Novice: 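Sharing a structure here in structure tokens format.
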Amino acid sequence: MNLVTLLPFIVLIGAMFLMTRSAKNKQRQAATMRNQMQPGSGVRTIGGMYATVKEVHDDAVTLEVAPGVHAIYAKNSIGAVLEDAEYNRIVHGIEPDSAEAPVVPDDASSLTEDIEPAEAEEKKIDLGKGKAEETGASAEDAKSEQAADAKPEDAKKDAQKDGKRDGDTDAK
């Protein structure tokens, strides 16, 4: 036979061997994890329920699913044995004390503390209202001046463009 015709079969057999080998490794790790369970350790079942181990038997485990509520599960139904810190964080909401964690501020004020007040004032932009502030007149006077400057003919043309008359609103 030709080597080229056997090559696909060899590759297929090799791939099947690698897949079964990794699956066996996972099963072996799961079995050792289940055998290391001890009363008092926290576990997660394959259904996602968190419980505390009370008794370990050959093929079964007694779990405390709530205070005073015990249930018997097959050992194969245990998905993971959790460390005490992780179990307490998930079930009881107890966060471990870690001084190494970076402190994240609640607001952005700490990010701008380095800018001196004098520099901040210089960077402000003048958003004045034009003639009204320069002459000391109020905003109402400025509006009346603008209205007086506008021609009545322009107002009629604008109304015709919009299709609106006096008193009409934009609402539909």
Side-chain angles (χ1 to χ4, degrees), residues 1-130 133 139 162-164 168-172:
M1 285 190 139
N2 192 357
L3 183 63
V4 175
T5 58
L6 289 177
L7 188 62
F9 294 112
I10 294 172
V11 170
L12 183 63
I13 291 171
M16 289 173 46
F17 172 73
L18 291 175
M19 286 190 291
T20 57
R21 183 177 169 205
S22 65
K24 285 181 183 179
N25 284 340
K26 287 181 183 179
Q27 287 176 348
R28 189 178 316 118
Q29 288 174 351
T32 57
M33 179 235 0
R34 290 183 187 116
N35 291 333
Q36 293 175 352
M37 274 191 302
Q38 299 174 3
S41 60
V43 296
R44 181 182 64 234
T45 65
I46 58 174
M49 183 176 62
Y50 293 92
T52 305
V53 177
K54 288 297 174 184
E55 296 177 9
V56 179
H57 304 289
D58 291 335
D59 292 332
V61 179
T62 303
L63 300 178
E64 184 176 29
V65 295
V69 179
H70 296 104
I72 298 173
Y73 283 84
K75 264 190 175 180
N76 292 339
S77 67
I78 304 301
V81 177
L82 306 172
E83 296 177 7
D84 291 337
E86 183 179 5
Y87 181 76
N88 287 332
R89 181 183 61 81
I90 294 170
V91 175
H92 303 296
I94 300 172
E95 293 292 330
D97 295 332
S98 63
E100 299 173 9
V103 177
V104 179
D106 290 340
D107 59 354
S109 63
S110 65
L111 301 175
T112 59
E113 289 176 354
D114 297 338
I115 299 175
E116 295 179 13
E119 292 177 16
E121 289 178 12
E122 290 175 11
K123 293 182 181 179
K124 288 185 181 177
I125 299 172
D126 182 25
L127 298 175
K129 296 186 181 179
E133 287 185 9
D162 294 336
K164 299 178 196 170
D168 286 352
T169 61
D170 290 338
K172 292 183 179 182

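Because the structure is predicted, anything quoted here is derived from the model rather than measured.
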Novice: Give me the atom names and distance for the closest heavy-atom approach of M37 to V53.
Specialist: SD-CG2, 4.1 Å
Novice: Using the rule given for side-chain contact (heavy atoms from CB on, under 4.5 Å), can you reason through I46 versus I78, listing the C-alpha separation, both sets of side-chain angles and the distance that settles it, and then say yes or no?
Specialist: CA-CA 6 Å; I46 58 174; I78 304 301; over 6 Å; no
Novice: If the condition is side-chain hydrogen bond (donor to acceptor under 3.5 Å, both in side chains), which residues does Y87 pass it with, not counting sequence neighbours?
Specialist: T52
Novice: By side-chain hydrogen bond (donor to acceptor under 3.5 Å, both in side chains), which residues pair with R21, not counting sequence neighbours?
Specialist: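 Partners of R21 by the side-chain hydrogen bond (donor to acceptor under 3.5 Å, both in side chains) criterion come out as none, since no residue qualifies.
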Novice: Taking side-chain contact (heavy atoms from CB on, under 4.5 Å) as the definition, give me every residue that meets it alongside A80, ordered by chain and number, with sequence neighbours left out.
Specialist: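 Testing A80 for side-chain contact (heavy atoms from CB on, under 4.5 Å), a comparison that skips the adjacent residues, returns R44, L82.
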Novice: Can you list every pair that meets salt bridge (Lys or Arg N to Asp or Glu O under 4.0 Å) and has a residue in residues 59-69, with sequence neighbours left out?
Specialist: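 The answer is K54-E64.
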Novice: Checking V4 now: which residues fulfil side-chain contact (heavy atoms from CB on, under 4.5 Å) with it, not counting sequence neighbours?
Specialist: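 Partners of V4 by the side-chain contact (heavy atoms from CB on, under 4.5 Å) criterion, ordered by chain and then number, come out as N2.
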Novice: State which residues pass side-chain contact (heavy atoms from CB on, under 4.5 Å) with M33; sequence neighbours excluded, sorted by chain then number.
Specialist: V81
Novice: Quick check for you: to the nearest 0.5 Å, what is the distance between L18 atom CG and I13 atom CD1?
Specialist: 12.5 Å
Novice: Could you pull out all residues at least two apart from K75 that satisfy side-chain hydrogen bond (donor to acceptor under 3.5 Å, both in side chains)?
Specialist: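 side-chain hydrogen bond (donor to acceptor under 3.5 Å, both in side chains) check on K75 returns nothing, list empty.
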Novice: In Å and rounded to the nearest 0.5 Å, what is the OG1 to OH distance from T45 to Y50?
Specialist: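 That separation rounds to 9.0 Å.
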Novice: How about CD1 on I72, more than 12 heavy atoms from neighbouring residues, nucleotides or ligands closer than 6.0 Å, or not?
Specialist: no
Novice: Test of understanding: with side-chain hydrogen bond (donor to acceptor under 3.5 Å, both in side chains), list the residues that count as partners of H57, not counting sequence neighbours.
Specialist: E55
Novice: Restricting to side-chain contact (heavy atoms from CB on, under 4.5 Å), what partner residues turn up for D84, sequence neighbours left out?
Specialist: none
Novice: Filter on side-chain hydrogen bond (donor to acceptor under 3.5 Å, both in side chains), then keep only pairs touching residues 22-32, sequence neighbours left out; what's left?
Specialist: N25-R28
